[in-house]
S.K.: 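Here it is, the structure, as C-alpha cells.
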Number of protein chains: 2
Amino acid sequence: MATAPHILICDDDPVVHESLGLYFENEHFTYSSAYDGRDALAHVVSDKPDLIILDVMMPEKTGIEVCREIRKTLSTPIIILTAKGEEIDRVLGLELGADDYIVKPFSPREVIARIKAVLRRINEPQENTSFLRFEGLEINLDNYQVKVKGELVPCTPKEVEILHLLASHIGQVMDREQILSLIWGYDYFGDTRTVDTHIKRIRQKIYYEGAPWSLITVYGVGYKFEVNS
Amino acid sequence: MATAPHILICDDDPVVHESLGLYFENEHFTYSSAYDGRDALAHVVSDKPDLIILDVMMPEKTGIEVCREIRKTLSTPIIILTAKGEEIDRVLGLELGADDYIVKPFSPREVIARIKAVLRRINEPQENTSFLRFEGLEINLDNYQVKVKGELVPCTPKEVEILHLLASHIGQVMDREQILSLIWGYDYFGDTRTVDTHIKRIRQKIYYEGAPWSLITVYGVGYKFEVNS
DNA sequence: AAATAGTATTTACGATTTGTTCACATTCGT
DNA sequence: ACGAATGTGAACAAATCGTAAATACTATTT
C-alpha cells in the first residue's frame, strides 16, 4: 500500500459496487469485487487487499462467516456493511474482529472517512500525547485533570476524554460517530446526540471570554477544536 | 524548478544568510536575500522563488505578516524560522499557510532536509488529498475551511465538499449526476438543479477579479474547475 | 441492602442554519 | 430567432444544533 490502497468490495448487490466504485475512483483507490461469500474468500487470497468491505447478507456464506474465516489467518482490516434493521449483528461483527461497521444506506463521505480512519489506525502507531497544553488550557489524560488559566476545572471522565480527543486533532472535524467509536468503543449503541450534551457541558466549563481556542460546530458534520480563530 | 530550486532567505541577521547560503551552495541550490519584511515581499515578486525561508522577527514587517501577505496571492512553499524562546505558536504559523517551521539554532542537515521534504511534498502527486492549495485559494476538507487570499471565507459543508470535489479534478468536467452521487450519495433522488444553486453560491463566495482559477460551466454537460495556464 | 451522590443518557423543543425548489431572467448553441 | 440549458434571487422546507430537564445508571457510603 505504498500509494493508494486496494479495497475488496463483497456484496451481492451490484448497486453497492457501482456506488462504492464511484467513490473509490474519485479517491484514486483501486478495488475489486466479490458477489458472494465464497467468491469473497477467493478474492481475499488472490487480490491481497489492504481493506475489505463485507456485506452481512450474502449468498453462499454470510459476511459474519467470511469475517470469521478471514480472521483465522489474516489481519487485513475489515469493515462490515449492513442494512438498517440488521443492526443486532453489530456487536457480533465487531467481536469477530471487524474493524468498523457501516449501516446502509451510507453517504460517500462516511464511507471514505471510515476507510481512511481504519487505515490510519492500522498503519500509524499511536503517539502518546496524554498531556496537551494550550494558552490558558491544559488537558491531562493521565490524571484526568483539566486546567483553565491554571485553575483546576472539575470535569467528568467522559468530558476529559472528549476534550482530549478533539484537542489532539486540532482543526480536524470529527463526526459524532467517530467520537462515539473512539471514546465509547465500537460496540456502543447510543444516541449520537449524547455527544452534543457533553460538548455543551465542556463548553460551559472551559470557555472564557477571549480564549484563543474553541470547540467549533461544523454544521452537518461534527465538532472540531480550533486554535486562534 | 526544472533542476535546482531557488530559495529566498528573509532574515535581518546577516549571519543566517551566510550560513544558509553556504549550505545551499553545497546543495547547488540558488538563493537570494532579503533583510526586512518589505524587502522580502519585493523579492518574492521579482525572484519567483521555489521556496521562501521567513524569519519571524524582522524590521518593517514581521514574518507572520509577510506570510499572510504572500498567501493572498501565491502558493509558494514557506518555511518559518524562529528563535528559541520566541513563543510563536507552531499552530498559528501553520494556520497562516506556512509549510514547515524551524527553530534556531538549526543544523545544516536539518534545514536541507526540511526544504527537500517540503519541496517533495508540494511537487509529488498529492498524497494528502483533503487539502488543496491554489494561488489565492485553499480548500481544507479536514477543517471544512476555505481561504481566499489567505482570508477565511465562510462556506457551508456542501459548498466545501463540492468545491473540493471539482478542485481535486482540475479541468475534468463532472456532470450533475456525478456530483450528486459523489457528494449526496447513491440513495439520493433530488433535482439536479440543486447543484446549480450551490455552484452559484460558491462562485459568489470565492471569486475575485483576476483569480487564476474558476468554476466553468460546460454547456449541456456539467461543471469543471479550471486553472489558468 | 438501601440510600445517596455523582455521572451519563435520553428526550423534547425552540432556534438556527442549511438545503431545496420555484419562478423568472439570461445565455447558449443551432 | 428559437428552444434548451443555465444563472439568480427569494421563498420555503428540512435538517441540525443548543439547551434544559427528566431519567437511568454506577459506585460508594451508610
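Order of the sequence lines fixes the chain letters, A, B, ..., with proteins taken first and strands second; residue numbering starts at 1 for each chain.
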S.K.: List every contact pair, protein side and nucleotides 25-28 of chain C side both N or O, where the distance is under 3.5 Å.
M.R.:
unit_1 : atom_1 : unit_2   : atom_2 : d
C:dC28 : O2     : B:Tyr219 : OH     : 3.2

S.K.: Below 30° counts as parallel, above 60° as perpendicular, anything between as tilted: where do the rings of A:Tyr31 and A:Phe24 land?
M.R.: perpendicular

S.K.: When rounded to the nearest 0.5 angstrom, what is the spacing between CD1 in B:Ile78 and CD1 in B:Ile52?
M.R.: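 If we round to the nearest 0.5 Å, B:Ile78:CD1 and B:Ile52:CD1 are 5.0 Å apart.
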
S.K.: Taking atom C1' of C:dG19 as reference, at what distance in whole Å does atom CD1 of B:Ile162 sit?
M.R.: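 Distance, rounded to whole Å: 10 Å.
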
S.K.: For D:dA5, take OP1 and OP2 only and decide whether either is under 4.0 Å from a side-chain N or O of B:Arg176.
M.R.: no

S.K.: A side-chain contact here means heavy atoms from C-beta on lying under 4.5 Å apart; do A:Val160 and A:Cys155 qualify?
M.R.: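 Yes, their side chains come closer than 4.5 Å.
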
S.K.: Does a side-chain heavy-atom distance below 4.5 Å link A:Ile206 with A:Val146?
M.R.: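 Result yes, sub-4.5 Å side-chain heavy-atom pair found.
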
S.K.: Is the ring centre of B:Trp184 less than 6.0 Å from the ring centre of A:Phe106?
M.R.: no

S.K.: Kindly say whether the aromatic ring centers of B:Phe134 and B:Phe225 come within a distance under 6.0 Å.
M.R.: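 B:Phe134 vs B:Phe225: aromatic centres under 6.0 Å.
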
S.K.: Please give, in whole Å, the distance from D:dT6 C1' to B:Ile216 CD1?
M.R.: 14 Å

S.K.: Heavy atoms under 4.0 Å, any strand shown: does A:Glu159 hit a base, just sugar-phosphate, or nothing?
M.R.: nothing

S.K.: Between B:Glu177 (CD) and D:dA5 (P), how many Å, whole number?
M.R.: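 So the two atoms are 13 Å apart, to the nearest Å.
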
S.K.: With a 4.5 Å heavy-atom cut-off, do A:Val153 and A:Lys147 have their side chains touching?
M.R.: no

S.K.: Give the rounded distance in Å between these two atoms: CZ of B:Phe189 and C1' of C:dG19.
M.R.: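 Distance check: B:Phe189 CZ to C:dG19 C1' gives 18 Å.
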
S.K.: Tell me, yes or no, whether the heavy-atom count around B:Glu151 atom CD, taken from other residues, nucleotides or ligands under 6.0 Å, exceeds 12.
M.R.: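 Counting neighbours around CD of B:Glu151, 12 or fewer heavy atoms of other residues, nucleotides or ligands fall under 6.0 Å, so no.
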
S.K.: Does a side-chain N or O of A:Gln204 approach OP1 or OP2 of D:dA20 to a distance below 4.0 Å, or not?
M.R.: yes

S.K.: Which angle, rounded to 10°, do you find between the first-five-pair axis and the last-five-pair axis of the helix from C:dA1-D:dT30 to C:dT30-D:dA1?
M.R.: 40°

S.K.: Respond yes when some side-chain nitrogen or oxygen of B:Trp184 is under 4.0 Å from OP1 or OP2 of C:dT20, and no when none is.
M.R.: yes

S.K.: Write down the distance between NZ (A:Lys158) and C1' (C:dG6), rounded to a whole number of angstrom.
M.R.: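 Going from A:Lys158 (NZ) to C:dG6 (C1'), I get 14 Å.
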
S.K.: Shortest non-hydrogen contact from A:His6 to A:Thr30?
M.R.: ND1-OG1, 2.8 Å

S.K.: Rounding to a whole Å, what distance do you find between B:Ile179:CD1 and D:dT6:P?
M.R.: 11 Å

S.K.: Show your working on side-chain hydrogen bond (donor to acceptor under 3.5 Å, both in side chains) between B:Tyr223 and B:Arg176 and close with a plain yes or no.
M.R.: CA-CA 8 Å; B:Tyr223 298 97; B:Arg176 292 172 177 71; 3.2 Å; yes

S.K.: Within the structure, does a side-chain N or O atom of B:Thr156 lie under 4.0 Å from either OP1 or OP2 of C:dT17?
M.R.: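 Indeed not, no polar side-chain atom of B:Thr156 lies that close.
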
S.K.: Examine D:dT16: is either OP1 or OP2 under 4.0 Å from a nitrogen or oxygen in the side chain of A:Tyr223? Give yes or no.
M.R.: no

S.K.: If you count the non-hydrogen atoms of other residues, nucleotides and ligands that lie under 6.0 Å from CZ in B:Arg203, is the total more than 12?
M.R.: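 Yes, CZ of B:Arg203 has more than 12 neighbouring heavy atoms, counting only those of other groups under 6.0 Å.
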
S.K.: Round to the nearest Å and state the distance from B:Glu161 atom CD to C:dG19 atom C1'.
M.R.: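 Checked: the CD to C1' distance equals 12 Å.
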
S.K.: Considering every strand and a 4.0 Å limit on heavy-atom distances, what is the contact class for A:Asp191: base, sugar-phosphate, or nothing?
M.R.: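 Counting heavy atoms under 4.0 Å across all strands, the contact made by A:Asp191 includes a base.
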
S.K.: Can you list, in residue-number order, the parts of residues 194-203 of chain B that come under 4.0 Å of DNA chain C, counting heavy atoms only?
M.R.: B:Thr194, B:Thr197, B:His198, B:Arg201

S.K.: Indicate whether any N or O donor in one side chain lies under 3.5 Å from an N or O acceptor in the other, for A:Arg71 and A:Thr76.
M.R.: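 No.
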
S.K.: Whole angstrom is fine here: how far is it from CZ in A:Arg193 over to P in D:dC17?
M.R.: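 It works out to 7 Å between those atoms.
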
